[in-house]
Amino acid sequence: GIDIPNANTLIVDRADMLGLAQMYQLRGRVGRGVNQAYAYLFHPKNRVLTETAQARLSTIFEASELGAGFQVSLRDLEIRGAGNLLGAEQSGHIASVGFDLYTEMLSEAVEDLKSKSENRPREVLPHEERGEIRKVLIDLPVAAHVPESYVGEIESRLALYQRISGLRTLQDADELAQETEDRLGDLPE
């Protein structure tokens, strides 16, 4: 949170050791005034950078325009991955209830808090309106995820997960499978 408008130069030694968000935040500490700013990010000359460190440094180098934070965060998600929320190694509450039910429970909790803080009646959410009752739990010992080799971009993979979680009938599932095969080729195991 340092705000020194006259500071126009930042020197970071061993920038290869920092995360992408850390570098972006540090770089944003200079150039807050009217003067041109410079951020020098150094890494050891005699040491080979890891692929991840190289990707982080090149992202910072490329994200020089105003408002590049969103692109930096997307790139950080690509570099580090989406974590275990959508992966085969889910843990915590989401492993107990599943992704779809977890997101619905989360949206209900958020709506509860918002309605209380705004002193208004709680809205009925779409899944509550449908009156869905979950009677079946299928817990198979198989990894059920879309491989990166099939859908490379994280945004597209997340969109596909979202569409899968919204399926309600076998016909909807067949239509999505056909559409996905038409766009991307044979479905993976």
Side-chain angles (χ1 to χ4, degrees), residues 1-95 98-100 102-107 109-111 113-114 117 143-166 180 183-185 187-188:
I2 296 173
D3 187 11
I4 306 172
N6 294 334
N8 72 337
T9 304
L10 172 72
I11 300 172
V12 178
D13 190 24
R14 293 303 312 264
D16 59 311
M17 301 294 288
L18 298 175
L20 188 50
Q22 291 169 316
M23 280 190 281
Y24 187 72
Q25 284 293 321
L26 281 173
R27 191 183 71 181
R29 299 299 99 199
V30 295
R32 300 173 73 82
V34 294
N35 297 330
Q36 173 75 38
Y38 302 92
Y40 298 99
L41 306 173
F42 292 102
H43 59 83
K45 183 177 170 181
N46 56 355
R47 190 176 270 162
V48 176
L49 293 178
T50 65
E51 188 176 321
T52 303
Q54 182 64 44
R56 289 191 307 249
L57 288 168
S58 65
T59 299
I60 286 294
F61 178 74
E62 293 165 5
S64 57
E65 69 279 351
L66 188 63
F70 183 70
Q71 280 73 28
V72 169
S73 65
L74 284 179
R75 183 69 179 122
D76 191 35
L77 182 62
E78 287 176 16
I79 292 169
R80 293 188 308 145
N84 290 337
L85 183 65
L86 302 174
E89 300 174 359
Q90 293 179 356
S91 62
H93 298 299
I94 193 168
F99 178 69
D100 190 35
Y102 177 80
T103 55
E104 288 178 4
M105 291 169 62
L106 186 61
S107 64
V110 168
E111 176 55 29
L113 291 172
K114 283 171 104 175
S117 72
H145 65 280
V146 179
E148 263 186 70
S149 58
Y150 190 65
V151 180
E153 292 183 17
I154 185 71
E155 297 92 351
S156 300
R157 232 175 16 261
L158 289 171
L160 184 56
Y161 279 121
Q162 188 173 21
R163 290 197 55 199
I164 291 170
S165 74
T180 306
R183 286 181 37 226
L184 303 169
L187 294 175

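What you see below is based on every heavy atom in this structure, not just the backbone, and it leaves out hydrogens, waters and symmetry mates. Remember, predicted model here, so these are calculated numbers, not experimental data. Positions are given from 1 along the sequence.
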Report task. Could you tell me which residues satisfy side-chain hydrogen bond (donor to acceptor under 3.5 Å, both in side chains) with Glu111, sequence neighbours excluded, listed by chain and number? Result ->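 Scan of Glu111 (side-chain hydrogen bond (donor to acceptor under 3.5 Å, both in side chains), adjacent residues dropped) gives Arg120.
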Looking at every non-hydrogen atom in both residues, tell me the closest pair between [X] and [Y] and how far apart they are.
X      : Y      : value
Ala55  : Thr59  : O-OG1, 2.8 Å
Asp16  : Ala53  : O-CB, 3.9 Å
Gly19  : Gln22  : N-OE1, 2.6 Å
Val30  : Asn8   : CB-C, 4.1 Å
Val151 : Arg157 : O-NH1, 2.6 Å
Gln162 : Ser165 : O-OG, 2.9 Å

Query raised in the report: Can you tell me how far the CG atom of Asp13 sits from the CG atom of Leu18, to the nearest 0.5 Å?
Result: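 Result: 10.0 Å between the selected atoms.
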Report task. Working to the nearest 0.5 Å, report the span between CG of Leu160 and NE2 of His145. Result ->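 The CG atom of Leu160 sits 12.5 Å away from the NE2 atom of His145.
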Query raised in the report: Are the side chain of Arg27 and the backbone N or O of Ile60 linked by a donor-acceptor pair below 3.5 Å?
Result: yes
Report task. Verify, without hydrogens or angle tests, whether Tyr150 (side chain) and Gly185 (backbone) share a donor-acceptor contact under 3.5 angstrom. Result ->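 Flag set: sc Tyr150 to bb Gly185 pair under 3.5 Å.
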Check: [Y] and [X] side chains under 4.5 Å, non-hydrogen atoms:
X     : Y     : answer
Tyr40 : Thr9  : yes
Leu57 : His43 : yes
Arg14 : Arg47 : yes

Requested in this report: For atom CD of Glu148, decide whether the heavy atoms of other residues, nucleotides or ligands shown that lie under 6.0 angstrom number more than 12.
Outcome: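 For Glu148, atom CD is not crowded (no more than 12 foreign heavy atoms under 6.0 Å).
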Requested in this report: I would like to know whether Thr52 and Arg56 meet side chain to side chain contact (heavy atoms under 4.5 Å, CB included); could you show each step before the answer?
Outcome: CA-CA 6 Å; Thr52 303; Arg56 289 191 307 249; 3.2 Å; yes
